[in-house]
Amino acid sequence: MIFRGLFAVLVALYPFIIYFGLRILPPSFFGLLLAVILMFRFGIIPPEQRSTAVPIIVILLAYAVAAALSDSVTMLLYYPVLVNAILFVVFAGSLRSEEPLLLRLVRARGIPISSRGPGYLRRLTAIWAGFFVINGAIAAWTTTAGIEIWTLYNGMISYLLIGALILGEWAFRRHYKKRHGLSID
């Protein structure tokens with residue numbers, strides 16, 4: 001648990017590490033650092049998450065190695081774009097199955113689901129997929145807007161938007177449950 005938290009913190013700080021680090025170290029160093037962080041994450045994947053997480057980490061690891069070999073700042077800046085693209089594919093791709101991603105996660109946690117739950121979670125999965133398209137497009141734009149804007153958006157604003165979406169969904173869910181006479185958690 002501590003290692004997953006450490007990984008999350010390192011990934012969240014990635015834009016700031018790049019912003020401040022490029023002043024003293026070459027881009028290839030940060031590609032290698034990203035590769036090491038991803039290998040660290042690879043080593044702590046719980047068995048039940050391996051089928052989903054391993055392909056994603058392999059893609060990101062290949063990208064990090066390419067960024068290191070290219071010694072390109074631009075490659076480093078496109079990392080958030082790639083992450084959003086992968087998240088879009090995972091969320092949108094799950095909409096083609098009987099159980100979209102968020103429904104699978106809720107069921108895996110043993111949370112009781114009302115008869116309206118599957119439809120609600122399907123729509124919520126689609127909303128997240130749309131979010132990742134928009135967030136990824138903005139992240140792509142920031143790669144040309146200057147390192148300061150890139151760092152500000154990808155290191156802070158995008159996380160605030162994720163938090164706003166989570167908070168907004170939580171508030172809407174409470175309203176939705178109350179309106180439909182469902183128990184409120």
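Note that the structure is a prediction, hence the values are computed from the model and not measured.
Sorted by first then second residue, the side chain to side chain donor-acceptor pair (under 3.5 Å) pairs that include residues 26-47, not counting sequence neighbours, are Ser28-Asp71. Residue pairs satisfying the ring-ring contact (aromatic ring centres under 6.0 Å, His included) criterion with at least one member in residues 11-31, sequence neighbours excluded, are listed as follows: Tyr14-Tyr79. Within the structure, the ring-ring contact (aromatic ring centres under 6.0 Å, His included) test picks out the following pairs touching residues 93-122 (sequence neighbours left out): Tyr120-Tyr176.
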Side-chain donor-acceptor contacts of residues 100-112 below 3.5 Å, not counting sequence neighbours, with atom names and distances?
{"from": "Arg104", "atom 1": "NE", "to": "Glu99", "atom 2": "O", "distance (Å)": "2.8"}
{"from": "Arg104", "atom 1": "NH2", "to": "Glu99", "atom 2": "O", "distance (Å)": "3.2"}
{"from": "Arg107", "atom 1": "NH1", "to": "Glu99", "atom 2": "OE2", "distance (Å)": "2.3"}

For residues 59-66, run the donor-acceptor check on the side chains, cut-off 3.5 Å, and write out each pair with its distance to 0.1 Å, sequence neighbours left out.
{"from": "Tyr63", "atom 1": "OH", "to": "Met75", "atom 2": "O", "distance (Å)": "2.2"}

Show me the side-chain donor-acceptor pairs of residues 135-145 shorter than 3.5 Å, one per line, residues at least two apart or across chains.
{"from": "Asn135", "atom 1": "OD1", "to": "Tyr153", "atom 2": "OH", "distance (Å)": "2.4"}
{"from": "Asn135", "atom 1": "ND2", "to": "Asn84", "atom 2": "OD1", "distance (Å)": "2.9"}
{"from": "Thr142", "atom 1": "OG1", "to": "Ala139", "atom 2": "O", "distance (Å)": "2.6"}
{"from": "Thr142", "atom 1": "OG1", "to": "Asn154", "atom 2": "ND2", "distance (Å)": "3.0"}
{"from": "Thr143", "atom 1": "OG1", "to": "Tyr78", "atom 2": "OH", "distance (Å)": "3.2"}
{"from": "Thr143", "atom 1": "OG1", "to": "Ala140", "atom 2": "O", "distance (Å)": "2.5"}
{"from": "Thr144", "atom 1": "OG1", "to": "Trp141", "atom 2": "O", "distance (Å)": "2.8"}

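In this structure, Thr125 and Ser94 approach most closely via the heavy-atom pair CG2-OG, 3.6 Å. Considering every non-hydrogen atom in both Pro118 and Ile113, the closest pair reads CD-CG2, 3.6 Å.
Hydrophobic clustering of Ile, Leu, Val, Met, Phe, Trp and Tyr side chains at less than 4.5 Å, counting indirect connections, keeps Ile149 apart from Leu161. The hydrophobic clustering, which links ILVMFWY residues whose side-chain heavy atoms are closer than 4.5 Å, places Met39 and Ile86 together. No path of Ile, Leu, Val, Met, Phe, Trp and Tyr side chains, each step under 4.5 Å between heavy atoms, connects Leu82 with Leu69, placing them in separate hydrophobic clusters. Phe172 and Ile127 fall within the same hydrophobic cluster, where Ile, Leu, Val, Met, Phe, Trp and Tyr residues are linked whenever their side-chain heavy atoms come under 4.5 Å apart, directly or through other members. Under the 4.5 Å side-chain heavy-atom criterion for ILVMFWY residues, a single connected hydrophobic cluster contains both Leu13 and Ile18.
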Stepwise side-chain contact (heavy atoms from CB on, under 4.5 Å) test for Leu152 and Ile157 | CA-CA 6 Å; Leu152 179 65; Ile157 295 172; 3.8 Å; yes
Trace of the side-chain contact (heavy atoms from CB on, under 4.5 Å) decision for Val83 with Val11 | CA-CA 11 Å; Val83 169; Val11 168; over 6 Å; no
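The backbone N or O of Phe91 sits nowhere less than 3.5 Å from a side-chain atom of Trp128 that would complete a donor-acceptor pair.
Between atom CG of residue Leu25 and atom CG of residue Leu32 there is a gap of 11.0 Å, rounded to the nearest 0.5 Å. Between the CD1 atom of Ile17 and the OG1 atom of Thr151 there is a distance of 11.0 Å, given to the nearest 0.5 Å.
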